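Taking it in order: structure first as C-alpha cells, then the write-up.
For ligands, and for the atoms within them, numbers begin at 1 and follow the listed sequence. Given the structure is predicted, the values throughout are model-derived calculations rather than measurements.
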Amino acid sequence: MAKPKSAFTCSACGGLSSKWSGQCPDCGEWDTLAEAPADLLQSARKGFSGYAGSGAAVQSMAEVALEAEERLGTGMGELDRVLGGGLVRGSVALIGGDPGVGKSTLLLQVCCTLSETMKVLYVTGEESLRQITMRARRLGLPDRKLLLLGETQVEAICGTAARERPQVLVIDSIQTMQVADIQAAPGGVSQVRESAAALTRFAKQSGTAVFLVGHVTKAGELAGPRVLEHIIDVVCYLEGGSDSRFRIMRAVKNRFGAVNELGVFAMTENGMKEITNPSAIFLSRPEEPMPGSVVLAVWEGSRPLLVELQALVDDSPADYARRLAVGLDQNRLAMLLAVLHRHGGIVSAGRDVFVNVVGGVRVVETSADLPLLLAVASSLHNTPLPSDLVAFGEVGLAGEIRPVPNGRERLREAAKHGFRRAIVPKANAPREKIPNMEITPVRHLREALEAI
Ligand code: TYD
Ligand code: MG
C-alpha cells in the first residue's frame, strides 16, 4: 500500500489540501494552512461507503412537527422589521457595524425594555458593568431587572446562561470572546468562529434568542466574515456616516424573513430613536430648486423610500476627469455616463462628475439610473429640475428605459409626500390615474431628456 501523503488544513475555513501553500486554495486567506493528521486525507479519499450511517432517522416532510414560530417583539418596530417580524426563539442574529455606530446603545435599549417582561442577560467584554448601568440610567431606561455579566470566556458564559435561563442573550462583542481550547488571541478568525459556533449551539439547544455584536473592519468586513455568515441565522449591518445622525440597519442574510429589509434610526442625545416615516427625513430639502438635485423613489425591502440624489459636474483641473459616487455604484456611474454620451448626446468627458445620495443612504437598485442621468444633465446645464419632480427607472446600454418592480407603490409614496410630477419607464405607468400627479412615461433616454 502506498504511504499516505501528508495533508494540510486551513485554520480559517477548514479546507483540506494535499500540498502546502502560502494561501489557502479554498478561502484565499494567507498563512493559514497547517499540517493535519494524515488519516484525515485518507478518509477524505476513501469516500463514505464504509460508514455505518448516523443515528438520526430519515423523515418525510409530512412527519416533521412544526410548532408555530413564535416571534418576540423587541419593542423597536424598525428592528423587528429588519429581523423579519421580531426575534425567533433559538436563533442567532449578528448586528455588525463600525465601532461607535450605536450597536451597544441600540441593544441596551432593547434589552432594558424586554427585561420588563422576560429574563434578559447582557454579556459584555468591552465595557464595565458600571458604565453600562450609568448609560441606561442616563437614557432613562427601565434598568432594574436586566441581568449583566462581565465575561469573555464562552464556556463560562454558556454555563451561566444555562443556569439563569434567559430568553434573550446579548454578547457584546463577539471579537472579545474566546473559547478555552484555542490558543489564538480573541478577535482572530479562529476565536471568532469557534466562539460564534459554541454560542450558536447553545442557542439551538436552549431555545435562547442570541444577539451577537460584531465590529466591522476598515474594509467593511467582519473579522472572519465568511466563516460567521453561514453559521448564524440573521446577519444585519448598522451603518451611518460619521457626519450624519441617521443610522440604517439592513439584513444581508435572514433565515426567517426577507433580506435587504431596511430599518431607519436616528442617534440622538437620548439614545437611538426609530424613524417610522423615513421618506420625510431624507427629503428635507431647501425651498429653492437647485441644479443637479433630483428625488428618486427606491424600493427598500418591503417599502418605498424617497431620497434625494445630487450630481455636480465641473471642469476638471486634472489631466484625467474624476467620477466619484457616494451611496451608489461607481462602475455603474461610469457606464451610465457613457450611455448619456452615446444615446443622449450629452458629453461629460473632460469633466469631473460627483454624485451623492443625501442622508448617507446606499442605493443598490438600478431604479436610480434614470434620476442619476437627469441630475447629471441638470448640473451640466446649470438648470434646476422642478422641485416637485420624482423619477425612477433602469437605463439599458442602448439608452432604453426599463421598468422596475413596484412602480405604482413608488408613485403613491411620492404623491403622499407632495410630488406632482413623475418621469417613469413606460411599462411602469399606472393604468388608472394617480390623483394630483402628472406622469410622463418614457421609453428611451432621449424622451426623458426632452421631458426636462
Ligand atoms: P455605541 O453604542 O457605544 O457604539 P458601538 O457599540 O457600535 O461601538 O455608541 C457610541 C456612540 O454613540 C458614541 O460616539 C456616543 C454616541 N451616543 C449618542 O450620541 N447618544 C447617546 O445617547 C449614546 C448612549 C451614545
Ligand atoms: Mg459597543
Just need the protein heavy atom nearest to atom 3 (O) of ligand 1, so name the residue and atom and give the distance.
-> Arg135 NH2, 3.5 Å
Among all protein heavy atoms, pick out the one at the shortest distance from atom 13 (C) of ligand 1; state its residue, atom name and that distance to 0.1 Å.
-> Gly100 O, 4.5 Å
Establish, for the pair Arg410 and Phe392, whether the NZ or CZ atom is under 6.0 angstrom from the six-membered ring centre and no further than 45 degrees off its axis.
-> yes
Charged N to carboxylate O under 4.0 angstrom, Arg303 versus Glu409?
-> no
Atoms in ligand 1 with a heavy atom of Pro99 nearer than 4.0 Å = 8 (O)
Do Gln23 and Ser21 have side-chain atoms, one donor and one acceptor, less than 3.5 Å apart?
-> no
Top protein contact for atom 9 (O) of ligand 1, by heavy-atom distance = Thr105 OG1, 3.5 Å
Would one find an N or O of His215, backbone or side chain, under 3.5 Å from an N or O of ligand 1?
-> no
Taking atom 21 (C) of ligand 1 as the point of reference, which of Asn270, Leu108, Thr268 owns the nearest heavy atom?
-> Thr268
What are the atoms of ligand 1, with element, lying closer than 4.0 Å to any heavy atom of Met267?
-> 12 (O), 16 (C), 17 (N), 18 (C), 19 (O), 20 (N), 25 (C)
Heavy-atom contacts with Leu139 under 4.0 Å: which atoms of ligand 1 show up? List them by number with element.
-> 22 (O)
Among protein heavy atoms, which lies nearest atom 6 (O) of ligand 1, and at what distance?
-> Ser104 OG, 2.6 Å
Those atoms of ligand 1 less than 4.0 Å from some heavy atom in Arg138 | 21 (C), 22 (O), 23 (C), 24 (C)
Distance-only donor-acceptor check, side chains Thr124 and Asp172, under 3.5 Å | no
